[in-house]
Every structure is written in structure tokens, then in C-alpha cells.
Amino acid sequence: MNIADNVQDIREKIQQAAFRVGRDPSSVRLVAATKTVSTDVLREAYDAGMRVFGENRLQEAQEKMSVIGRFPGLSWHFIGRMQRRKLKDIVGKFVVLHSVESVEQARSIDAIAQQLGIQQDILLQVNVAEEDSKGGFARKDIREAMEQVDRLPHVAIRGLMTLPPFHEDPEHARPYFAELCLVRDSLAQQSFVHGRPEGLSMGMSHDYQVAIEEGATMVRIGTALFGKRA
Ligand SMILES: *Cc1c(COP(=O)(O)O)cnc(C)c1O
């Protein structure tokens, strides 16, 4: 299978998953998770219609951006954990940062965005299963965090992101996806300066169809697009 076939296959599955629950398939954005994937292969993905690339590692992203960063219509998201000292090179270079994991980190992003004279779109990562190995806000802390981060003028919270515990069977992830959707809905009843946090970034290669059934608006897909990583 080549990448164009994979893109088509994934788009069909996105559409079917959306239709199963009465959603509009165009409300789901396909984000290519591009870690370890070469620039040449990304060019192929672009030619196959991919327009959003999500990177985990800054240096790798910078190398790729220097070659294909200016392709028309292409946007870059940051989906990995963000180290403090790298923030100055991340803010403003990626249209959405998916994995903001503390109020302090949001404050640092706000300060850098202010210097750049921009507003940075972010998602708050929620550690729904409260796993020690993962970053993100505990469910009980998310409302308070939302209120504090919403006061920062140079960041705009566009939604929530989660990485559920890995399990081969995607049905195991369903309750975590459903939970993130509930958290988002409960937050959406409150009014925020920067508007409602509508987005839900959840679902990867093996479980994105379940995530869409539970409301995902962004799915981050690597393996199903590019094959197994080395
Ligand atoms: C690698 C990665 C993905 C994609 O994982 P696949 O299983 O290859 O689809 C999604 N989200 C994040 C944060 C990742 O690091």
C-alpha cells in the first residue's frame, strides 16, 4: 500500500465512523503524526492531500520545516511533550500546541507569545487515567486550570487532548474518550474570554474510529498512514 491509498482508506473510515454516530465527517481533522518519518515521505503525504503535520520533537520538526515548511496550505501542530527550554522555539512556529500540561507551562507560552505579538492556540492535555507515565491535568484540576489559563491574553484554549492507556483492543479506550468529551461539555457551559474549548484531540492509528464515535475533532495518526516506525 502506498501513502495515497492509506490516506484514502483512513478518510473512508473517518467518514464511516462519523456517520455511525450522526456526525459530519468534515468536523474531524486528520493530523499526520510524523515522528521519524522522512521529509521525502512527507512530501508524498502532502501530494496525497495531507495538510496537517503533527510533530513530537522540535529538532526533527525544524529540519523538516526547513525543507517543506512553506508548502501552500500546510500547517504544523506540536503534539509531543514540551520541555521548558524549548518553548521559545515552539511558540509561534506551530499553529496548535496539543499537549499543554500545566498552568505554569501555559504562562511561559503566554509570555513568549506576547513578545512575538501573537496569540498561540493550545489544547490542554488531560491525563484521564491519571497514569504516572503521562503528563496532563488530572480531571479534578481541569476546571481551575481552564479558568487560570483563560485569563492569559496571548494563549487561546481551543480544546482538550488525551492519550489513554494503551491497549490492543480499541474498545478499552472508549471510556476515556467518552470521559474527555464529558469534561469538554461540562466546561463548555461556562463562559470563557477566549470562547468555548470545542476541540477534542484524541485517537491514534488503532483507536481513531472509536475516538470519532466519542466525539474526536482531531485524530493523530502515524502508523496507519506511514507504516510501522523503525
Ligand atoms: C506517535 C503519536 C501518535 C500516532 O501514533 P500511531 O499509533 O502511530 O498512530 C499520536 N499522538 C501522539 C502524541 C504521538 O506521539
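Just so you know, these numbers come straight off a predicted model, no measurement behind them. Numbering of ligands and ligand atoms starts at 1, following listing order.
The closest approach between any non-hydrogen atom of H98 and ligand 1 is not below 4.0 Å.
By heavy-atom distance, the residue among R57, E55, K35, M204 lying nearest atom 2 (C) of ligand 1 is K35.
The closest donor-acceptor contact from the side chain of R51 to the backbone of Y46 lies under 3.5 Å. Checked by atom type and distance alone, the side chain of E171 never pairs as donor or acceptor with a backbone atom of V210 at under 3.5 Å. Between the side chain of T39 and the backbone N or O of K64 there is no donor-acceptor pair closer than 3.5 Å. Between the side chain of N6 and the main chain of L225, a donor-acceptor pair closer than 3.5 Å is present.
Less than 4.0 angstrom separates some heavy atom of I221 from each of these atoms of ligand 1: 9 (O). Atoms of ligand 1 found under 4.0 Å from any heavy atom of A33, numbered from 1 in the order shown, are 3 (C), 4 (C). Numbered from 1 in the order shown, with element, the atoms of ligand 1 that lie under 4.0 Å from a heavy atom of N56 read 14 (C), 15 (O).
For atom 13 (C) of ligand 1, the closest heavy atom belonging to the protein is I79 O, 3.5 Å. Protein heavy atom in closest approach to atom 9 (O) of ligand 1: S205 OG, 2.5 Å. The protein heavy-atom contact nearest to atom 11 (N) of ligand 1 is R220 NE, 2.9 Å. Closest to atom 8 (O) of ligand 1 among all protein heavy atoms lies T223 OG1, 2.5 Å.
Checked against a 6.0 Å centroid threshold, the rings of W76 and F53 count as neighbours. The aromatic ring centres of H206 and F166 sit less than 6.0 Å apart.
The one candidate from V91, D110, I112, L152 that meets the side-chain contact (heavy atoms from CB on, under 4.5 Å) condition with Q120 is V91.
Geometrically, ligand 1 and G222 share a nitrogen or oxygen pair separated by less than 3.5 Å.
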